[in-house]
Structure formats: C-alpha cells, structure tokens
Amino acid sequence: MAMVTGYGSTSPPRRRSKNFTPQSQTVKRCFSSVQVLIQMGFSKERAEKAVAATGNGTAQEAAQWLLNHANDPLLDDQSPREYVLLMCPTGSVLQEIEQFYAHAADMIKDWDAAACRAAPHIPLTGFFPVRHAHVALLHDALRRVVDAADPTTRMHLEHAIPDSIVGLAVADGDATRLCELAASFAGDLAAAGIQVAPSEDIARRRPPRIALARNFAAHQRPTLERLCRRVDVGGASGTAWDVRLYSRDAGFSGCEAHRVAHNYEPVYDDELQLTIDDYVYVAAGALAASEDGWVSATSWRTGVRGMTPGNFLQRAPETCVWRLHRSYPVARVVVEAVNGVQGAPAAARRRLYVMRHGERVDFTFGGDWWIETCFDAAGNYVRVDANLPRALPRRRGGPHDYDRDAPLTEIGLTQARLVGDSLRFGGGTVAHAYVSPSLRCVQTADALLRALGVRDRVPLRVEPALFEWMGWYKARRATFMTPAEFADAGYNVDVAYCALVDERQLATAETLADYYARSERATRHAVAHAAAEGAGGDVLLVAHAASLEVNTRGLLGLQPRTYSALSRIMNGTPYCSLAALEEGSSASAAWSLVQPPCMPVTHMSNPEFDWTVLK
C-alpha cells in the first residue's frame, strides 16, 4: 500500500489486476449499524436482530434495544420477524379519521375505542417471515417499486359499511393500482427467494378497505355508521397516501397488546416491573379468564415476562407494537378544482418547519462543571475542550446567566449546519424564522440559515412564547439575552419585531394544558405574522424537544397529550430533529404532517478519553 508522507504527496501508480472494474475502485467508508454493533462487541446474530427489531434503526437505537433486552430469555432466538406492506392515508383524510375516533369515544361509552384505534391502513400483503440478515432486501425492493410508481396518481376513497365492518374502501377504478403495486413488490422479492402473499382483500378481489371499527355490538352500529359517513374522503381531489413497511415479533402475533397505565414495582420475584406507557403482550382472552385479575405478560420494551395486575393495563391496538421500517409517498394530490374547473394546477402549499436546537453544552459537560471550569475569577471564558464553543458573548449577569441558558457545543453547531445543508439539497427553503429566546435556539437557527445561504436576508424573530414548559423552571427561571444583545453579538435578529409574549409573562405556575395552548398561539401567531408580510414562503420555528409536539398539535386538529405521552415523544426527539407541516388547500383546512425534505443527522456519543489509563 502506498504511504502518504505529507499533505502534498501523491501515491505511486497502482498495478491493477485483470479483474479490475470501475465499481471495485470505490472504497466504502460508511459502516452499517450491524457493523458498528459488531465492533462494539455484540455478536453478528444479536446485532442483526436488534437492527431489525428497531426498524433498521441506528446503531445507537439498536444498542439501546440490546441493553433493554439484556434479560430477555428469547434474546438469542433467531426466529424471523414478520413483515407487512401497508397503504396509509395522510393529510386531511387522516385528520378526519382521527376525528371519527374521538367522536366515537365520546358518543359510545361502552365502545372499546382504545383497542380499535389502530393506525389507519389498507393491507397490501399478508404477514410474511424474513430472516434478520435479509431485511435489507425488503428495503431495496420497496425502494425500486416506489421509484417505478407515479407519485402524482390520485387515489379515491368511498364509505364502505358491510355487515361486520365500518370503514372506507378504495374506489373500484383505483383498486387495480394497489394490486399492481403489491404484485410488483412480491415479484421483486420472489427473485430473492422471499415469498409474499397478497392481502386477503386483494387475493379475493374485494375492494381494499380501511377498517375503522369491527366486532362492535349491534346497538353501536348506527352511531358508528353515522360518524363514518361524516368522514370527508377527499372528493374529486383524491387522497394522499404513503406506502409503509412494518414488522412485528412473530412470537407474539396471536397476543393482545396492552398499554401500561400505571407504574408497578414487583413485590414477588415472579412479577413484572411496569413502566407507564410501555406495552405488554398478553395471551388472547387471558385477562377476561383470570380469576384474580392477574395475568402473565411480556414487556414489549424488555422482553421480560412476569405476572401483572390487569387493572394497571389498558387494551391497545396491535399496531402500537409494530415497527416502522420504511415509508414513501406514492400518491399525492396535485390537481385541485379551481373556480369549479377540474384540472387547474394547485398552488404551492406553504410549509412550516419546527426544529429542536442542537447539542447543548450543559447536557454534554454538566451544568455546574463547565461554568466553574471555563470561567476565571474575572468572568473571562477559557476553552478547555475542543467541543466547547470557540467564543461566548458576555452576559449581563456574568457567567451564571448561562446556568439555565446554555450555548451550543461545536458539535451542536455542526448538527445545525448539516440539517441546513440537507434541507437545501432536498429543495427546502425558509423565508421566515422565529426562535425561542434561548441562546442555543438562536445559534441553531443562525447556523441552519447560514448553511441554506439565506442567513443575511432572513432575520430571526425572537419569540418568548416558543420557550419550553415553565413547569420545568419552578426552582429558577432562565435569564435570556435581549434581541439587541443578540444583534450586538453578531446574530441577524430583528430588533423591531413585536413578540406575542414578553418573557416576564411566562409564569412558573403554568400547567401542561397552558403550555400546549401557549405553544399553539405562538405557532399561529408566527404563521399569521409571516403571511402578513406578503412575501410568502415557508416558515421555520427553532425551539425545544417538546416543541415538535406542542407547536404542531393544535394545527393538526388534535388534542394535547398527557405528560407521560409527551415525555415519550421527547425521549425520541434527538438534537436538531425537524418536523414538517403542509398547509391545507383552503383557510379552513387543517395542516398535515409531511415527510421533511431533509435527511436525519445520526451519530454516536463520544465520551472524553482518559489518557492516564495508558500509564
């Protein structure tokens, strides 16, 4: 192998073998999640199983799954997972279905809404087993099928209410397209030796359906029918769809899924520890047949089995314990009726991006440690780690103003730039930017806009209403920099912007419901303020981990979540996560979640190296 002796050196000509091809010239520098896990010391079989069980997740997610399943008696069982291909409605129809479930739960008190409220979908295939090592074949096949499909195809739904089901069916003229898509997927995999059967509806040539309710009592049917007919299925403009690949643990395919409603610490060795919002598998009918209210259950999160008090559980749809592997848009509404004339091109829909800030210094180095270590007695900043900021603005209250208002690390700035680069590559733009008053949020937005190439012409509007829940700041409030101080520090901040809320109005007595309401007002204010400028364009909000939930929930027409549910979403929202919403076709139409036009930023943690261990 040639050796490089300096930055300007070149290697000598390499003698190529007779079998050399241009493809063999490429050196693969990216390691797969399985390869990373093997390097961490996990066996190949466990690594492949963990990656499959996390939906082809990152190495960090798969490693966490393995740690969670350390006491799983079936950890080394290599039984294949089962996979299924689904068509899932998105946009306004999905919101209509959510409203159906909400109204049904309110109007039919004895209806088990939680058990029926599965993610709306139409099965394209039945469940089929695939070995962990071959999951990538499914992903590649689905990608090829989606690339060959026409993304502008319109799909239409009709109300379908046969004897045993209340739901929505694909119109006859569009059902053929679903059959073709399922057949293409199955045919692609057949060449790799993976057998995939079509769904029951497709196999029997019945109109594919979304089942909104099944197995209901006779007295519940009239109300369910009435609510189903109120679902607006999109009319002539059709429905937007995603095709999604899910998997489930085949060993529990016949079990009921239950959500843990209350924490429980075991009293006896044979009992299962319960963590709120985890899910457990229970044998079908076991809870109803139990004489004392206790059942044997298996934790979805850990794989551990034990006796469980049934009154600590709530029935859940089985889709809650499925894993999403891939999701692609395959039918988008691109033709609208304009002035009653069908076929006129639809105007571009405005988008709203909600983003979490990048990696913060205090969570990386410890809040007390970095302030005590990095500032001398005169308050001068001293950098002691390459991931600490290169420079910091002086604060009115001295270094301790950073205690509740930490800056980004250098990695945090890099994360924001990577998202900006990816957004630009994906065709995304930002014309208006609103930020939480936290320094880390201002820095994140500044780095993203710089990478987008619009930093100088898109000023930041500092909006205190975008700050996170004040319930986390009861002991001590955060001290923020003013817009003028941000501008003096070199950030392109609009000092003339009139914020919805003054930071002094943020009350520490704020309830979670108040936080949701404030966040919705902030979002609607930002969207309206941007529209009032008359320049059009997409809107960016940069705030906190919870913001991707609380600042979008109201626009989606959904109810606030419980604190435990919000916490679970926050735990799955890494630094610089970005959510995208698209505005409806009319002022009254709800916004809808859409796939962000950028790639995620995935990396592993990198703790400090203690060189003294080499002594």
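- With 3.5 Å as the limit, one finds no donor-acceptor pair spanning the side chains of S438 and H357.
- For the 3.5 Å distance criterion, the side chains of R81 and S247 qualify, holding a donor opposite an acceptor.
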Chi angles and distances behind the salt bridge (Lys or Arg N to Asp or Glu O under 4.0 Å) call for R396, D401:
CA-CA 8 Å; R396 281 166 293 158; D401 276 2; 5.3 Å; no
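- A 6.0 Å sphere centred on NE2 of H400 holds no more than 12 heavy atoms belonging to other residues, nucleotides or ligands.
- For the residue pair R244 and S327, a side-chain donor N or O sits within less than 3.5 Å of a side-chain acceptor on the partner.
- If you check the side chains of H525 and Y434, you find no donor sitting under 3.5 Å from an acceptor.
- Side-chain contact annotation: D278 with T275, donor-acceptor N/O pair under 3.5 Å absent.
- Closest non-hydrogen pair, L74 versus K49, comes out as O-NZ, 2.6 Å.
- Of all non-hydrogen atoms in A63 and M40, the two that sit nearest each other are CB-CE, 4.0 Å.
- Remark: R395 is positioned above the aromatic ring of Y402, its terminal NZ or CZ atom under 6.0 angstrom from the ring centre and at most 45 degrees off the axis.
- Among L274, V304, T302, T298, the single residue meeting the side-chain contact (heavy atoms from CB on, under 4.5 Å) criterion with V280 is L274.
- Salt bridge annotation for D76-R46: present, with a cationic side-chain nitrogen under 4.0 angstrom from a carboxylate oxygen.
- The main-chain N or O of V36 is never found under 3.5 Å from a side-chain atom of Q39 such that the two would form a donor-acceptor pair.
- The pair R518-E510 meets the salt-bridge criterion, with a side-chain N (NZ, NE, NH1 or NH2) lying under 4.0 Å from an Asp/Glu carboxylate O.
- Using modelled atom types, one side-chain atom of T364 and one backbone atom of R360 make a donor-acceptor pair closer than 3.5 Å.
- Looking only at atom types and distance, the side chain of N551 has a donor-acceptor partner in the side chain of T523 under 3.5 Å away.
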Show your working on salt bridge (Lys or Arg N to Asp or Glu O under 4.0 Å) between E468 and R440 and close with a plain yes or no.
CA-CA 13 Å; E468 56 190 345; R440 57 189 180 273; 3.2 Å; yes
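- The shortest heavy-atom contact between A445 and V542 is CB-CG2, 3.8 Å.
- No more than 12 heavy atoms of other residues, nucleotides or ligands sit less than 6.0 Å from atom CZ of R390.
- By the 4.0 Å N-to-carboxylate-O rule, E503 lies too far from R477 to be salt-bridged with it.
- Side-chain N or O atoms of D362 include none that pairs as donor or acceptor with a backbone N or O of G366 at under 3.5 Å.
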side-chain contact (heavy atoms from CB on, under 4.5 Å) assessment of Y575 paired with T409:
CA-CA 12 Å; Y575 292 125; T409 63; over 6 Å; no
Please lay out, stage by stage, how R417 and D421 fare under the test salt bridge (Lys or Arg N to Asp or Glu O under 4.0 Å).
CA-CA 6 Å; R417 287 194 292 268; D421 285 337; over 6 Å; no
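- Between the side chain of R553 and the backbone N or O of Q559 there is at least one donor-acceptor pair closer than 3.5 Å.
- Proximity of a side-chain donor or acceptor of D514 to a complementary backbone N or O of T511 within less than 3.5 Å is detected.
- Between Y516 and E549, the side chains place a donor N or O and an acceptor N or O closer than 3.5 Å (distance only, hydrogens not considered).
- Ion pairing of D140 with R143 is absent here, as no side-chain N (NZ or NE/NH1/NH2) approaches a carboxylate O to less than 4.0 Å.
- Atom CG of N71 sits in a sparse spot, with 12 or fewer heavy atoms from other residues, nucleotides or ligands closer than 6.0 Å.
- Closest of all the heavy-atom pairs between I276 and A261 is CD1-O, 3.3 Å.
- The backbone N or O of V527 lies less than 3.5 Å from no partner atom in the side chain of R524, so there is not a single donor-acceptor pair.
- Q415 and E359 are not linked by any side-chain donor-acceptor pair at a separation below 3.5 angstrom, with hydrogens and angles left out of the test.
- Heavy-atom contacts from other residues, nucleotides or ligands closer than 6.0 Å to OH of Y497 number more than 12.
- The two atoms that bring L392 and F375 nearest to each other are CD1-CZ, 3.9 Å, heavy atoms only.
- In terms of heavy atoms, L548 sits closest to V354 at CG-O, 3.6 Å.
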